[in-house]
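Below is one structure; the comments refer to it alone.
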4 protein chains.
Amino acid sequence: MARPINEEKRLERRKSILKEAVVLFAESGYSNTTTAIIAQSVGVTPGTIFQYFPSKEALYYAAVLEPLADIQVKSLACLQQEGAPGVLIQNMVEEQFNHIYFYTNELRLVQSVLGQRIRFPELTQKVLESIKVMTDAIERVYTKGQLMGEFNKSFSPAMISRAYISLLNGVGLTLGESIIHHPEWENLKGHAFYLFAPIQPKEKLEESE
Amino acid sequence: MARPINEEKRLERRKSILKEAVVLFAESGYSNTTTAIIAQSVGVTPGTIFQYFPSKEALYYAAVLEPLADIQVKSLACLQQEGAPGVLIQNMVEEQFNHIYFYTNELRLVQSVLGQRIRFPELTQKVLESIKVMTDAIERVYTKGQLMGEFNKSFSPAMISRAYISLLNGVGLTLGESIIHHPEWENLKGHAFYLFAPIQPKEKLEESE
Amino acid sequence: MARPINEEKRLERRKSILKEAVVLFAESGYSNTTTAIIAQSVGVTPGTIFQYFPSKEALYYAAVLEPLADIQVKSLACLQQEGAPGVLIQNMVEEQFNHIYFYTNELRLVQSVLGQRIRFPELTQKVLESIKVMTDAIERVYTKGQLMGEFNKSFSPAMISRAYISLLNGVGLTLGESIIHHPEWENLKGHAFYLFAPIQPKEKLEESE
Amino acid sequence: MARPINEEKRLERRKSILKEAVVLFAESGYSNTTTAIIAQSVGVTPGTIFQYFPSKEALYYAAVLEPLADIQVKSLACLQQEGAPGVLIQNMVEEQFNHIYFYTNELRLVQSVLGQRIRFPELTQKVLESIKVMTDAIERVYTKGQLMGEFNKSFSPAMISRAYISLLNGVGLTLGESIIHHPEWENLKGHAFYLFAPIQPKEKLEESE
DNA sequence: GATGAATGAGGTTTCATTCAT
DNA sequence: CATGAATGAAACCTCATTCAT
């Protein structure tokens, strides 16, 4: 009696609605994106949206939080590998910069939530919690890295992780039209890691003396 | 010549409208802030707003751009002083962090514009131009600093200035409720300067060898 | 001839839909009762409703008129028995009060139709006709009763029958939550008969003098 | 600084909206009466309605309760006069029947609320409370009348008052199109008083013997 | 110059009904 | 026959803006 095909179809359509919603919300903001426009972009009639999301607000929540959960999972996965803390963090940076490279809209969506904290207080809370989870994970790995002499010991891990997350968010925000073709993109990625104050091999040697 | 007093009154009221608008737009976003609410916060009736601004959109533009011009002027002033590039930049960082400390709403307003680039294309252009003016100015001073051996020569000034502006914007965005009481605030300010890769006196010595 | 079983099944399902519809329409009104809710209550899917009733309005008509026909048949049956008019009417009162006791929803449904006469003009007509049939029948028996000295002759049968029907309808309407447990229920039933101005045996004697 | 003229204008307009709303709600029911139609009937644009009532539901509440409060005040006033209980009650009956004669729509509105108790539970509560206030007042006067030998002592005042209220409501409900021209109208009014089982002077005499 | 009531276009959401499976 | 996803028209309500006072 199960109808797996239908279930699959539903999920697929839900996904396609969400995808369009992310683009449109990110480009035009919440209020200026009408559900009718989203429906039109997906290629369905206005009513159909509400078969998949109970309200415009719920759609917005999903458009913000689901991609955020995605990047969180991927980022935490990087940090939970075996390996030297410095390498783990470098992998995470790589992962995250690639992410905002390919998912600029998703990131900007999150940012615009943080820009209207009173309007969407619950959503803001969840986004900030998600950021907290990230910074906590980074702090732990960073502290370990400091103990192992891979990072400069004079910086507070709490500050370092926040500075990094701030840079990551700011990058998507302030780079021009399409960050994808920005000539400094690769260098920025490198400098994001520099922010962690890694100790160069030569320096390491000196320091261990 | 009988007008100056009235003129002054008008300017004062215009300013008070703008001040409330900044707060409300920043907290609740453009669409969710009604002109009626702004009027009420200022203590006037709905019609009055339109005696000072031709439309809600014009008010929004002013609320975004006027404070932005303010910080720009102040920042450029820092960089145009006499003095060592490193010191100038350090002063600018100090100035700007103080600014986002005291004018968080104004900053978030700018950020939310950048989060809806298609909605307010003209405004977005102007904000990005303003950022460009800042990064250009920083680049020039930074390049001079590199030549004078005050900054690590291996980083591109274009990248450095963008990384810094990104961090600056990201800080306001990602710090919790009120950045004002964040325990890492002072350290973050210091690390923002670290991003410029300044050369320590000792290092300077070594490098000059 | 291979159909009777299926036919029976259809009738049974139709009946179960009607039953739920009566409850839901009576509780929440026509517009606030969605076909989807009815379907869910019955345990079928939305489309199925329309296999049994051509439209929501047709379902409403049936939900109002079929129970009304029921009570009408039963009531007329009481009046068409052999016996003294006073007894026949007393039986009818008993029958009808029992009916609204057990079928409160059905009665309220009828009443709410009468509360929106322009919305459902046809239905209103049919309900009023049904009431007319009842009052006519009562009038005939009552007139006979008056002639036989069982009822006070000074009242117009047309008025009496309308007063009674009004009381009957008003009772369902104005008694609190559940008329079923109302402490005055039994007394009300007695007073409904009092409305007919029956002549007590003793009085009868006096009057015939 | 007071603007009595404006205030007065507002009240007048509010009243005219309410008046139209009563008619339309009573004729077509809540859901089938659109706010646009009400606005059109009043001669204003759709938005104006919401300057006077926060929502359609609030308008409905007012349309139901305000006329109900009116009749309640008038009815209680009748009962609180000086005089014989029988006379007071007769005055009240007169007052109330005149009321439903001139305000049929207002009455039907109340009835249709009672026909959808789950849809408007709060409103239903208030209407039932209002009815309770009426029946309580009637009971008190009736009890006094019984003690003074004006009413048959064998009936429970609680039952009598409920029977009367039921009849009153039922009359508006079941009389055809316009009760105004119903030939039995005057007789019905008389029979409503008969329901109280008043003792005729002659009977009074006999009973006191 | 300030007021604040009126405007009316436009957005979200609901829901009876259809029809391919 | 039953299903249940899609439809799309229509409703309530908001709010920037105007203008007579």
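Bear in mind the structure is a predicted one, so any value in this text is a computation, not a measurement.
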Whole-Å distance between E:dT12 C1' and A:Y60 OH? 17 Å
Does some side-chain heavy atom of B:K15 sit less than 4.5 Å from a side-chain heavy atom of B:E12? no
Using nucleotides 6-8 of chain E, report all nitrogen or oxygen pairs with the protein that are shorter than 3.5 Å.
residue, atom, partner, partner atom, Å
E:dA6, OP1, D:R13, NH1, 2.6
E:dA6, OP1, D:Y52, OH, 3.2
E:dA6, OP2, D:Y52, OH, 2.6
E:dA6, N7, D:Q51, NE2, 2.9
E:dT7, OP2, D:T45, N, 3.1
E:dT7, OP2, D:T45, OG1, 2.6
E:dT7, OP2, D:T48, OG1, 2.6
E:dT7, O5', D:T45, OG1, 2.8

Could you state the CG-P distance from C:L59 to E:dC15, rounded to the nearest angstrom? 16 Å
Mind checking what makes salt bridge (charged side-chain N to carboxylate O under 4.0 Å, His left out) contact with D:R13, not counting sequence neighbours? none
Gap between atoms CD1 and C1', on A:I49 and F:dA5 respectively (whole Å): 14 Å
Measure the distance from CZ on B:R14 to C1' on E:dG1 and round it to the nearest whole Å. 17 Å
Output the rounded distance in Å from CD1 (B:I37) to P (F:dC15). 7 Å
With Watson-Crick and G-U wobble geometry limited to distances under 3.5 Å, how should the secondary structure of DNA chain E be encoded in dot-bracket form, using | for bases paired to another strand and [ ] for crossing pairs? .||||||||||||||||||||
Using a cut-off of 4.0 Å on non-hydrogen atoms, how would the nucleic acid contact of D:S31 be classed: base, sugar-phosphate, or nothing? nothing
Taking every non-hydrogen atom, the tightest pair across D:L109 and D:F25: CD1-CB, 3.5 Å
Starting at CD1 of C:I38 and ending at C1' of E:dC15, how long is that distance when rounded to a whole Å? 12 Å
Would you mind reporting whether C:I118 and D:L24 have side-chain heavy atoms less than 4.5 Å apart? no
Salt bridge (charged side-chain N to carboxylate O under 4.0 Å, His left out) partners for A:E66, two or more places apart: A:R14
How long is the line joining CG of C:N32 and C1' of E:dA16, in whole Å? 14 Å
Within 6.0 Å of OH in C:Y103, more than 12 heavy atoms from elsewhere: no
Considering only residues two or more places apart or on different chains, which pairs with a residue in residues 44-54 of chain A satisfy side-chain hydrogen bond (donor to acceptor under 3.5 Å, both in side chains)? A:T45-A:T48
Which residues satisfy the side-chain hydrogen bond (donor to acceptor under 3.5 Å, both in side chains) test with B:D70, sequence neighbours excluded? none
Row check, A:F120 ring normal vs A:K126 NZ/CZ: under 6.0 Å, within 45°: no
When you match D:K56 and B:T35 each to their closest nucleotide on DNA chain F, which lands nearer the 5' end? D:K56
For A:Y30 and F:dT14, give me the distance from atom OH to atom P, rounded to whole Å. 15 Å
Taking the minimum atom-to-atom distance to the side chain of D:F50, which one of F:dA16, E:dC15, F:dC13 wins? F:dC13
